[in-house]
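Beneath this line is the structure, given in structure tokens, with notes to follow.
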There are 2 protein chains.
Amino acid sequence: MRLLVVEDESRLAAALQRGLQAEGFAVDVAATGPAGLDAARHGGYDAMILDVMLPGLSGYEVVRRLRAEEHWLPVLMLSAKDGEYDQADGLDCGADDYLTKPFSYVVLLARLRALLRRGAPERPTVLAVGDLTLDPARRRVTRADAEVDLTAREFALLDYLMRRPGEVVSKTELLDHVWDAGMDTAPNVVEVYVGYLRRKIGRERLETVRGAGYRLAT
Amino acid sequence: MRLLVVEDESRLAAALQRGLQAEGFAVDVAATGPAGLDAARHGGYDAMILDVMLPGLSGYEVVRRLRAEEHWLPVLMLSAKDGEYDQADGLDCGADDYLTKPFSYVVLLARLRALLRRGAPERPTVLAVGDLTLDPARRRVTRADAEVDLTAREFALLDYLMRRPGEVVSKTELLDHVWDAGMDTAPNVVEVYVGYLRRKIGRERLETVRGAGYRLAT
DNA sequence: CGGCGTCCTCAGCGCCCTCTCAGCCTCGAT
DNA sequence: ATCGAGGCTGAGAGGGCGCTGAGGACGCCG
């Protein structure tokens, strides 16, 4: 499970990161509104913990923009204020849950788990890496807002790669997951389909790591 | 803001009442279907939270009757079931939103606020995608304001697709939901009925996504 | 009983996708 | 510079997938 923490008080951010990592989450931290928004857009996170008071862009605004762009990442908002209005505002913007500071770490964890269990709100997540987006439900892929037409196999391959952006994925792993495991297909198919994909999404977006596999450029 | 909660489990009803009152709502509670229907008819409420399982009259029936009498009060339905059919049924009857138990209180609040913000539903629930409209209650379909004559099966298929516009729906999913699950009908029926539908609603509105399913063009 | 409408099966057909193969290119080591 | 392994790609075969027309089964109505 990958989490994104957007919090500008560095001590709190570090504490959250340490605590959540101890629970087995992979945690990235952003310290400003714009940085958080950017990370959320491109990151493939399972949930986001978002402070309201942020430099650059308020937490409210971050969620609002995310939702406007059809990103349905679960968002847990944190705020120092405790008026009812703030809470309503946060939820109105599209946050999924709300916690007021100071909060107990245990409560945070409980709410977070509930959020993750519930999964993404309403719509399935749209994967986004760079200017590529992939919508599993709609089976649509866009590159710089232009729709890209993919066959089933190409789509499955890109889907798998986009869930691990920046990581090197080996050919055998792709064979196991994108092609039927157990099928004795020649490993060359992967190369062939990587070729097809490159022609459609842009050659430079899919790097070859000689002897290791392929990597989707972030 | 005045709310009506119709719920027969008294502990849940009391909890909702207390919680919502703390948010500044005026909350009345009814414990049976008939009592709820009566209160909704005469009450001047801004919204209604309605359980499905009720003594006397089911939640479905309550909404159906309200709508039949031209009361357009926003209704948020609660149900312990979570099958897609139930959800579709609830929305078919004229409910405006739907929540399955167990639900988080925060989510309830968020949905409720969204409902109130949206205001009373202008019209009975009619699905619309592009120039297609489908009225579940009247069993009517129009295409560019011209009525389209569909058989029961064709209607059910279009109904299912119009609830997920733009998404790819697989053949097996259609078989499970539009045809009776468990029936071992040949998957080819889907293709056949897609063919029929295309002739009636326009070929280009129903795309084939090879290897994945069908998609209703938005 | 015969006509009608709906639902479903079946078989044939056409096309797009998938995968294989062989030859060529690229990279890195020596 | 040379060589080998790994990676790339164009061509093409085949088969799977989806579409369609024909027709049988069934229920409903006159």
Can you find an N or O donor on one side and an acceptor on the other, under 3.5 Å apart, linking the side chain of A:Asn188 with the base of C:dC21? yes

Near-ring test A:Trp179/A:Tyr193, centroid separation under 6.0 angstrom: yes

N or O in side chain of [X] less than 4.0 angstrom from [N] OP1/OP2:
X: A:Trp179; N: C:dT18; result: no
X: A:Lys171; N: D:dG7; result: yes
X: A:Arg203; N: D:dT9; result: yes
X: A:Tyr193; N: C:dT20; result: no
X: B:Thr208; N: D:dC19; result: yes
X: B:Thr185; N: C:dT9; result: no

What is the distance from [atom1] of [X] to [atom2] of [N], rounded to the nearest Å?
X: B:Arg153; N: C:dT9; atom1: CZ; atom2: C1'; result: 14 Å
X: A:Glu154; N: C:dC19; atom1: CD; atom2: P; result: 11 Å
X: A:Leu206; N: D:dC8; atom1: CG; atom2: P; result: 9 Å
X: B:Phe155; N: C:dT6; atom1: CZ; atom2: P; result: 15 Å
X: A:Leu175; N: D:dG7; atom1: CG; atom2: C1'; result: 15 Å
X: A:Glu207; N: C:dT26; atom1: CD; atom2: C1'; result: 16 Å
X: B:Arg198; N: D:dC19; atom1: CZ; atom2: P; result: 5 Å
X: B:Leu157; N: C:dC7; atom1: CG; atom2: P; result: 11 Å

Could you work out which one of [options] sits closest to the side chain of [X]?
X: A:Ala186; options: D:dG10, C:dT9, C:dT20; answer: C:dT20
X: A:Arg210; options: D:dA5, C:dT18, D:dG10; answer: D:dA5
X: A:Glu191; options: C:dC8, D:dG21, D:dG7; answer: D:dG7

The residue among A:Leu76, A:Val62, A:Val5, A:Val63 that forms side-chain contact (heavy atoms from CB on, under 4.5 Å) with A:Met48 is A:Val62

Taking atom CZ of A:Arg18 and atom CD of A:Gln21, what is their separation to the nearest 0.5 Å? 9.5 Å

Closest approach of A:Arg41 to A:Ala128 (non-hydrogen atoms, all atoms of both residues): O-CB, 3.2 Å

Using the closest heavy atom to pick a nucleotide of DNA chain D for each, name whichever of B:Arg199 or B:Gly211 lands nearer the 5' end. B:Gly211

Heavy-atom nearest nucleotide on DNA chain C for B:Tyr196 versus A:Val192: which residue maps closer to 5'? B:Tyr196

Would one find more than 12 heavy atoms of other residues, nucleotides or ligands at under 6.0 Å from atom CZ of B:Arg198? yes

